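Sequence lines set the chain letters: A, B, ... in the order given, protein chains first and strands last, and positions in each chain run from 1. Please read all numbers here as calculations on a predicted model, not as lab measurements. Both backbone and side-chain heavy atoms feed into the values below; hydrogens, waters and symmetry mates do not.
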Amino acid sequence: MAKVLVVTSGKGGVGKTTSTAALGAALAQRGEKVVVVDFDVGLRNLDLIMGAERRVVFDLINVAQGVAKLSQALIRDKRLESLWLLPASQTRDKDALTDEGVRDIIADLRTKFDWVICDSPAGIERGATLAMRYADEAVVVTNPEVSSVRDADRIIGMLDSKTVKAEKGEQIKKHVLITRYDTGRAARGEMLNIDDILEILAIPLLGIIPESQDVLKASNVGSPVTLNNAASQPARAYIDAARRLGGETVDMMVPTEQRRGFMDRLLGRRAA
Amino acid sequence: MSMNLFNLLRRRTGSAPVARERLQILLAHERGLRSQPDLLGILREEILAVVSRHIVLDPEKVIVRMDRGDSVSTLEVDIEIPNSFEKRLAVAS
């Protein structure tokens with residue numbers, strides 16, 4: 001039974017696309033058949049993060065409008081056999097996406113994949129509502145920062161009212177993924193901590209992704225962080241999160257503070 | 001010395017508790033609004049309908065504003081009435 005997952009946040013720049021790529025790759029590494037779908041029409045970026053930007057021929061809009069077949073638009077990942085990408089259109093605007101078009105594509109993808117992961121655009125407009133519309137589960141990405149948490153709360157409200165599942169009176173399963181977390185700053189009271197965020201949003205925690213240079217390194221080379229450096233802290237956190245999505249119970253790893261040694265400080269080296 | 005002590009004390013309580021409290025208050029309010037469909041919009045429409053029965057109004061000149069305070073909130077209704085109305089009143093009486 002396929003699962004449709006939306007990765008959403010309201011606020012931009014919190015790590016939706018990074019998380020979509022990392023979770024998609026982590027699930028595919030576990031042998032699941034995964035498609036990541038970019039809903040950010042006009043501002044696509046999932047292709048770039050996945051390192052497939054030069055292989056895009058057809059896109060979501062082409063398929064929705066019947067210009068191309070789904071099989072023509074799907075791009076298979078070069079590293080993982082069971083990972084696929086359905087890119088967004090870069091030239092069209094978000095109004096080109098219709099409810100019926102999205103419904104049909106999601107229904108089709110459900111028959112072909114174990115996981116359909118929809119990367120939502122920022123905001124609460126049409127693109128974001130369509131990305132969540134047919135989802136069974138949602139990953140709400142937030143940073144430990146007030147505006148991001150407020151927007152996450154707004155998105156949770158929309159998930160509970162604007163999705164097909166909610167309209168049928170069913171519960172859409174929601175998880176919060178906290179990204180760019182800095183344990184040291186949270187411990188010093190400079191940043192909202194995990195308990196604060198969970199108490200405010202009141203949905204279960206999927207994972208804590210530490211602030212890390214490995215995330216930027218991975219996006220620089222166009223590789224999901226779980227593939228690029230699977231041993232790194234963020235990759236391990238994403239891999240655990242993917243296992244939780246699969247229904248496993250995994251102990252929550254709170255990222256450790258990466259302390260710089262005396263010599264590193266002296267030489268002005270950054271923590272790895 | 002006293003400056004150092006002050007900094008030390010300050011570091012123990014960062015700005016995160018303030019962030020948390022502000023969020024809790026704000027979200028309690030916003031969640032309340034979410035369940036009721038656009039109260040201000042409804043008020044505006046109904047006030048407009050009542051006043052329009054007696055006075056010809058420009059709908060753009062009716063402003064309904066809500067200001068939330070700690071213990072009481074105020075509802076401000078600002079209706080701009082064209083001066084021609086007074087003349088019409090005089091004629092009618």
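The heavy-atom pair separating B:Q24 from A:I200 by the smallest distance is CG-CG1, 3.9 Å. What you find for B:P17 and A:G189 is that their closest heavy atoms are CD-O, 4.0 Å.
Within 6.0 Å of NZ in A:K162 there are 12 or fewer heavy atoms belonging to other residues, nucleotides or ligands. Under a cut-off of 6.0 angstrom, the local environment of CD in B:E60 is sparse, with at most 12 non-hydrogen atoms contributed by other residues, nucleotides or ligands. Around the CZ atom of B:R20, the shell of radius 6.0 Å holds more than 12 heavy atoms that belong to other residues, nucleotides or ligands. Within a 6.0 Å radius of CZ in A:R103, other residues, nucleotides and ligands contribute more than 12 heavy atoms.
The distance from the CD atom of A:E145 to the CG atom of B:L23 is 8.5 Å, given to the nearest 0.5 Å. In this structure, B:L26 CG and A:D153 CG are separated by 8.5 Å, a value rounded to the nearest 0.5 Å. Between the CD1 atom of A:I156 and the CZ atom of B:R31 there is a distance of 7.5 Å, given to the nearest 0.5 Å.
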